[in-house]
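Whatever order the structure lists them in is the order used to number ligands and atoms, beginning at 1.
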Amino acid sequence: MADSDRIVLSGKAPLPRSLWAATARPPIPALPLAGETEADVVVVGGGFTGLSAALHLAERGLKLVLLEAAEPGWGASGRNGGQVIAGLKAMPAEIIAKHGRERGKQIVDLVGGTADFLFDLIRRHGIECDAERKGWVQAAHSDKALAAVAGRVADWQAHDAPVRMVDRAEMARILGTGDYVGGMVDARDGALNPLGYARGLADAAQRLGARIHGGSPVTRVTQRGAGWQVTTAAGSVTAPKVLIGTNAYTTDFWPGLAASVVPVSSFQVATAPLTDNLRRTILPEGHVLSDTRRLLRYFRLDAQGRMVMGGRGTFKNDIDSGDTARLRRWVGELFPALSDIAYEYHWSGNVAVNLDHWPHLHALAPGVWAALGYNGRGVAMASRMGALLADLAAGVPAAKIAFPITPLRPIPFHGMRRAVLPVMTAWYGVLDRLQ
Ligand SMILES: Cc1cc2nc3c(=O)[nH]c(=O)nc-3n(C[C@H](O)[C@H](O)[C@H](O)COP(=O)(O)OP(=O)(O)OC[C@H]3O[C@@H](n4cnc5c(N)ncnc54)[C@H](O)[C@@H]3O)c2cc1C
């Protein structure tokens, strides 16, 4: 059994002591499932995927039960960097080359519209989560990386996306550090408090009648007549449709699903709030940023002006002193004025990585669908995927879904990831330093 299974199956794991846990709105009441019940749809997993699915099902008036192992937002959704980024790592030209002009364009429009979709959802439901739309910067750490960013900008501009190149001088001004050679700004994007957003989605779904149970790890999904029985330690739900959104924390309740992604940890630290004076020079226009390194760094200010710095780790569940020291060093290198600043929080979470770096929507069996594998870019995309899952459960034909539905493909040698990941991480670090 993997570590993530042990944590999730206990059903009692507390939220990490993160910045978001300290500053998000309170959780909704979500008692464990007890006894047997029925619904139109069972949703497994209470992150953005499952919560968005639940909210969109509830908006359609469907009876649904959401089963979350710990509490809504406990997984990556309540721990991430809160950077809302439209698009995927795959560029529009690649998507069109792979899927053809017409189908490819539908997919490009869908993935390019995920940030619009998320901010609209927040507005429609009045979700209070410090959402802001000041743009995402992709900062290039080398000339070679800058050329690749320029290609991305041209590609998205051909689809009328509001993206533009930024030179070294402008980059230094909008970031407050001269460390990057240039990059792009994507005006579709922004920031939010991710745990606040997850809890807001849960609250909106619950208000519309969704039955949301925390502390309810699913242990089995079995066929029952024309439908499915979804079982936890203390009860079960029978329904014709099942939607799964368990991403990097997927346990063994569905054969092959956990092995279709590799959980990779990502770490963050948050400083004390910056003084007004520092805020005038560090990210003065409110951008959020990720850079182009293979082991990428990402940072932003939160609503109270704390610097939140994150980076990829290896296969570990918990952040240790070496990880925090590395993140603090990056803060000091990028922003010497913050070298002596106090730190208030550090935490980690698991990103679901797969071989094609593409989020997958799977039809697992008649009436059962799953969406996972966001490869660290899922705030906007998981929100959109949840709505696609809801469409499928509501009877929208697969041919009308503007995203590919792919067969489930377990990753070969998945069991060897513990041995392979640290080696890959070290190698990527070497490549980043060489460029
Ligand atoms: C540290 C970090 C930083 C990130 N930063 C960003 C960012 O800035 N921008 C961005 O776009 N993306 C970011 N991501 C990625 C993004 O957070 C994820 O792609 C997204 O949250 C995935 O949502 P999800 O609902 O699919 O999965 P999760 O939020 O992980 O939710 C899955 C849920 O399923 C539950 N579960 C698992 N097994 C069971 C079971 N058997 N029964 C019941 N429930 C179960 C878990 O408890 C968990 O709550 C980051 C991720 C991490 C970890």
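Side-chain N/O atoms of W228 and T222 include no donor and acceptor closer than 3.5 Å. No side-chain N or O of Q83 forms a donor-acceptor pair with one of R377 less than 3.5 Å apart.
The closest donor-acceptor contact from the side chain of S142 to the backbone of A145 lies under 3.5 Å. Without hydrogens or angle criteria, R17 side chain to W347 main chain gives no donor-acceptor distance under 3.5 Å.
Remark: ligand 1 atoms within the under-4.0 Å shell around heavy atoms of T246 are 32 (C), 34 (O), 36 (N), 37 (C), 38 (N), 39 (C), 45 (C). Below 4.0 Å from some heavy atom of G82 lie the following atoms of ligand 1, by number and element: 8 (O). Near A69, the atoms of ligand 1 lying under 4.0 angstrom from a non-hydrogen atom of the residue are 43 (C), 44 (N), 45 (C), 47 (O). The atoms of ligand 1 that sit less than 4.0 Å from any heavy atom of L67 are 43 (C), 44 (N). Of all atoms in ligand 1, numbered sequentially from 1 with element shown, those under 4.0 Å from a heavy atom of G349 are 53 (C). Atoms of ligand 1 found under 4.0 Å from any heavy atom of F253 (numbered from 1 in listed order, with element): 41 (N). The atoms of ligand 1 that sit less than 4.0 Å from any heavy atom of G47 are 25 (O), 29 (O), 31 (O). Atoms of ligand 1 found under 4.0 Å from any heavy atom of V44, numbered from 1 in the order shown, are 42 (N), 43 (C).
Residue Y374 has no nitrogen or oxygen atom sitting less than 3.5 Å from a nitrogen or oxygen atom of ligand 1, judged on distance alone. Considering both main-chain and side-chain atoms, G378 comes within under 3.5 Å of ligand 1 through a nitrogen or oxygen pair. An N or O contact shorter than 3.5 Å links E68 to ligand 1 by distance. By the 3.5 Å distance cut-off applied to N or O atoms, V351 is not counted among the residues near ligand 1. Considering backbone and side-chain atoms together, S348 places no N or O closer than 3.5 Å to any N or O of ligand 1. Residue contacts with ligand 1: F48 is placed with a nitrogen or oxygen under 3.5 Å of a nitrogen or oxygen of the ligand (distance criterion only). For the pair R79 and ligand 1, the shortest N or O to N or O distance does not fall below 3.5 Å. The shortest N/O to N/O separation between S77 and ligand 1 falls below 3.5 Å. In terms of polar-atom proximity, P217 is not counted as a contact of ligand 1, lacking any N or O under 3.5 Å from an N or O of the ligand. By the 3.5 Å distance cut-off applied to N or O atoms, V379 is counted among the residues near ligand 1.
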inquiry  = Please evaluate residues Y298 and S266 with respect to the criterion side chain to side chain donor-acceptor pair (under 3.5 Å), reporting the C-alpha separation (whole Å), side-chain torsions for both, the decisive distance (0.1 Å), and the verdict.
reply    = CA-CA 10 Å; Y298 51 95; S266 185; 2.6 Å; yes
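Residue-ligand proximity: G376 is placed with a non-hydrogen atom under 4.0 Å from ligand 1. Ligand 1 has N350 within reach: a non-hydrogen atom of the residue lies less than 4.0 Å from it.
Ion pairing between R329 and E333 holds under the 4.0 Å rule for side-chain N and carboxylate O. Under a 4.0 Å N-O distance rule, the pair R306/E344 qualifies as a salt bridge. Checked for salt-bridge contact, D356 and R409 miss the test: no charged N lies under 4.0 Å from a carboxylate O. At a threshold of 4.0 Å, the pair K89-E94 does not count as salt-bridged, since none of the basic side-chain nitrogens sits closer than that to a carboxylate oxygen. The pair R60-D391 counts as a salt bridge, with a side-chain nitrogen and a carboxylate oxygen less than 4.0 angstrom apart. Using a 4.0 Å cut-off between charged nitrogen and carboxylate oxygen, R199 and D203 do not count as a salt-bridge pair. Contact check on R326 versus D323 returns a salt bridge, with a Lys/Arg side-chain nitrogen under 4.0 Å from an Asp/Glu carboxylate oxygen.
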Pair up each side-chain donor or acceptor in residues 34-41 with any protein partner under 3.5 Å, not counting sequence neighbours, and list the distances.
| residue | atom | partner | partner atom | Å |
| --- | --- | --- | --- | --- |
| T37 | OG1 | R211 | NH1 | 2.9 |
| D40 | OD2 | K63 | N | 2.7 |

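Atom 38 (N) of ligand 1 has its nearest heavy-atom neighbour, among W254, Y298, Y249, in Y249. Looking at G245, G75, G45, G373, it is G245 that brings a heavy atom closest to atom 32 (C) of ligand 1.
Taking the six-membered ring where tryptophan is involved, the planes of Y197 and F48 are tilted, since the angle between them lies from 30° to 60°.
The proximity of Q268 to ligand 1, defined as any non-hydrogen pair under 4.0 Å, is limited to the side chain.
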